[in-house]
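A note on names: the letters A, B, ... follow the listed sequences, proteins ahead of strands, and every chain is numbered from 1.
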2 protein chains.
Amino acid sequence: MALRHAVLAALLDGELSGYQLAKAFDVGVANFWHALPQQLYAELARLEREGLVAGRQVVQETRPTKRLFHVTDAGLTELERFAAAASKPSFIRDDLLVKVQAADHVDAGPLIRQVEERAAMAEAKIDLFRRILRKMRGDLGEEEFLRTGGRVGPYLTCLRGLAFEEGNRDWCLRTAAILRERSAAGPGAGTAAVTREGTTRAPRSPEVAHAER
Amino acid sequence: MALRHAVLAALLDGELSGYQLAKAFDVGVANFWHALPQQLYAELARLEREGLVAGRQVVQETRPTKRLFHVTDAGLTELERFAAAASKPSFIRDDLLVKVQAADHVDAGPLIRQVEERAAMAEAKIDLFRRILRKMRGDLGEEEFLRTGGRVGPYLTCLRGLAFEEGNRDWCLRTAAILRERSAAGPGAGTAAVTREGTTRAPRSPEVAHAER
DNA sequence: TCTGAATAGTCATATTCTTGACTATGAAAG
DNA sequence: CTTTCATAGTCAAGAATATGACTATTCAGA
């Protein structure tokens, strides 16, 4: 039940429509959470039923009518409660890491391409985050903004996003370089064959094994 | 469907029981994926039905009987296919970031405590990862190991985990320092009250609003 | 000797997230 | 003048994850 709180937190900086929320929680700017439009519309409906957010309809001349949501006092209270409760640790869950884990046993070519692609994506996010941060702090220097500025929450989460993507990029570049070097230097073949004989797949070592079926 | 591949990747380094897998996918060492024991036992059963892993029973004198699993050739082929397919981007999803996003609107005290607690957890993981890396590379220096060693996959994912936790720790310490400073310097109160008047909660700005209900 | 932790594994339920649709409208691009 | 993009939102179904409880045995410590 953290999506609801993520939505509440996102709505703190001003009213947003479901559609705007969906964009914020999608690509790029999703610094602190990620969710698809369907989830967000559903969550907004639930939150409204429970009185934690309230929406008002805004009829537009040029665009379809939308509903802008804002956090109610009850919502703020709930957020307060959530913020004071224990956080569950966060885990990494990344396709690409699974593939790198298996790097010694699979074809290096496609893997290297994907790692480099990821590095490029990280670079793009880094640019984006830097722009967002500049915009948030305005004329002030970072240190000054963090001491004296208003609403540092979004700035801090964006800083985390930036550092994360920098770490991502650096690791991807290094990993790509290493995999390239190894697949070039690999004795004979540069593919999975190298390790299929090289390392032990250990197809049944004796061990303590008494019975076996 | 990435858990199955995470399991396959984890089994590449040698046979493991469901229980051992569960430990690897739980706290700490879960560098590239995280899952609970129930998921893993279920996934192992599925993988075995589909012939991607095979298990052998090992009766132990002192401990309950266990089953050790290893990846079959079909499993290796499937992993190969997975590694060559496109990766879906990974997203951050973190309770603590949601709370920090709302930092300007909630009580700073509990939040600071949690951020510092997280910093300590990160520090512990850093130590753990450093130990694991040292063990993996043995006598070799890191660069040398990455060039010439066997099975660099796990080493690389562990490096990512290390960098991630270092980023975590640094960000947590900085965030805690900033929140502390601000809650100390806050005019009058150091709590949510600061922003409840300070920044705009914008309870209905006029905007384009034609109709409203 | 009792207690708790570690080993080894399972069941059922509930929540959450993802996939793949589908309805509309207006504006810009070709 | 048609296609595509951006806005705005919704439904249904399925896969993946999480929660909580449960059965056993052995070893170490109070």
Side-chain angles (χ1 to χ4, degrees), chain A residues 1-7 15-28 30 33-50 55-69 86-95 98 207-211, chain B residues 1-7 15-28 30 33-48 50 55-69 86-95 98 207-208 210-211:
Chain A
M1 277 214 210
L3 173 57
R4 61 190 311 106
H5 300 109
V7 169
E15 293 179 310
L16 291 174
S17 68
Y19 190 77
Q20 289 174 295
L21 258 186
K23 297 197 74 181
F25 276 75
D26 194 34
V27 282
W33 205 264
H34 168 261
L36 296 167
Q38 296 93 321
Q39 269 178 281
L40 292 167
Y41 284 114
E43 196 60 51
L44 280 172
R46 263 194 295 277
L47 285 168
E48 194 179 22
R49 266 205 308 282
E50 295 170 34
R56 63 189 183 93
Q57 210 159 45
V58 175
V59 178
Q60 301 169 111
E61 289 133 21
T62 159
R63 296 266 151 223
T65 298
K66 64 182 172 184
R67 301 191 67 212
L68 292 181
F69 292 91
S87 316
K88 54 183 81 167
S90 76
F91 300 110
I92 293 184
R93 245 177 206 162
D94 192 337
D95 265 26
V98 174
E207 205 165 336
V208 198
H210 291 263
Chain B
M1 277 212 211
L3 173 59
R4 62 190 309 109
H5 300 109
V7 170
E15 293 179 310
L16 291 174
S17 68
Y19 190 77
Q20 290 175 296
L21 259 186
K23 296 198 75 180
F25 276 74
D26 195 34
V27 282
W33 205 265
H34 169 260
L36 297 167
Q38 296 92 323
Q39 274 178 276
L40 293 167
Y41 284 114
E43 196 60 52
L44 280 172
R46 264 196 294 277
L47 285 168
E48 193 179 23
E50 296 170 32
R56 62 190 184 92
Q57 208 159 46
V58 176
V59 177
Q60 301 168 111
E61 288 133 22
T62 160
R63 294 268 150 220
T65 298
K66 64 182 171 184
R67 301 192 65 214
L68 292 181
F69 293 91
S87 316
K88 54 182 81 166
S90 76
F91 300 110
I92 294 183
R93 245 175 207 163
D94 190 339
D95 264 25
V98 174
E207 206 166 337
V208 198
H210 291 261

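A distance of 8.0 Å separates CD1 in A:I92 from OG in B:S90, rounded to the nearest 0.5 Å.
At whole-Å resolution of the value, OH in B:Y41 and P in C:dA12 are 17 Å apart. As rounded to whole Å, 11 Å separates atom C1' of C:dC17 from atom CG of A:L40. Atom CG of B:L36 and atom P of C:dA12 are 18 Å apart (whole Å). Rounded to whole angstrom, the span from the CG atom of A:D95 across to the C1' atom of C:dT18 amounts to 13 Å. The CZ-C1' distance, from B:F91 to C:dT18, rounds to 11 Å in whole Å. Atom CZ in B:R67 sits about 14 Å away from atom P in C:dA8, given to the nearest Å. Look at CD on A:E43: it is 7 Å from P on C:dT16, rounded to the nearest Å. Going from atom CD of B:Q39 over to atom P of C:dC11 covers 16 Å, rounded to whole Å.
For A:R63, the salt bridge (charged side-chain N to carboxylate O under 4.0 Å, His left out) criterion is met by no residue, not counting sequence neighbours. The side-chain contact (heavy atoms from CB on, under 4.5 Å) check on A:P64 picks up nothing, with sequence neighbours excluded. Residues that satisfy the side-chain contact (heavy atoms from CB on, under 4.5 Å) test with B:Q38, not counting sequence neighbours, are B:L36. For A:A2, the side-chain contact (heavy atoms from CB on, under 4.5 Å) partners are A:W33, B:D95, not counting sequence neighbours.
Positionally, the nearest nucleotide of DNA chain C for B:Q38 lies more toward the 5' end than for the other of A:A35 and B:Q38. Take the nearest nucleotide of DNA chain C for A:R46 and for A:T62: the residue whose nucleotide is more 5' is A:R46. Between A:R93 and A:S17, the residue whose closest nucleotide on DNA chain D is further toward the 5' end is A:S17.
Taking 4.5 Å as the limit, some side-chain heavy atom of B:E50 sits within range of a side-chain heavy atom of B:R4. Using a 4.5 Å heavy-atom cutoff, the side chains of B:L68 and B:L16 are not in contact. A:D94 has its side chain out of reach of A:V98: every pair of non-hydrogen atoms, C-beta onward, lies at least 4.5 Å apart.
End-to-end axis angle of the helix from C:dT1-D:dA30 to C:dG30-D:dC1, using five pairs per end and rounding to 10°, comes to 40°.
Nucleic acid contact class of B:Q20 (heavy atoms, under 4.0 Å, all strands): none. At a threshold of 4.0 angstrom between heavy atoms, the contacts of B:R4 with the nucleic acid are absent.
Salt bridge annotation for B:R67-B:E15: absent, with no cationic side-chain nitrogen under 4.0 angstrom from a carboxylate oxygen.
Distances shorter than 4.0 Å separate some side-chain N or O of B:Q60 from OP1 or OP2 on C:dA8. Applying the 4.0 Å criterion to OP1 and OP2 of C:dA6, one finds that B:K23 has every side-chain N and O outside that range.
The minimum heavy-atom distance between B:V58 and B:T65, with the atom names listed, is O-CG2, 3.5 Å.
If you walk DNA chain D from 5' to 3' and mark each nucleotide with an atom closer than 4.0 Å to a heavy atom of chain A, the marks span D:dA6 to D:dT19.
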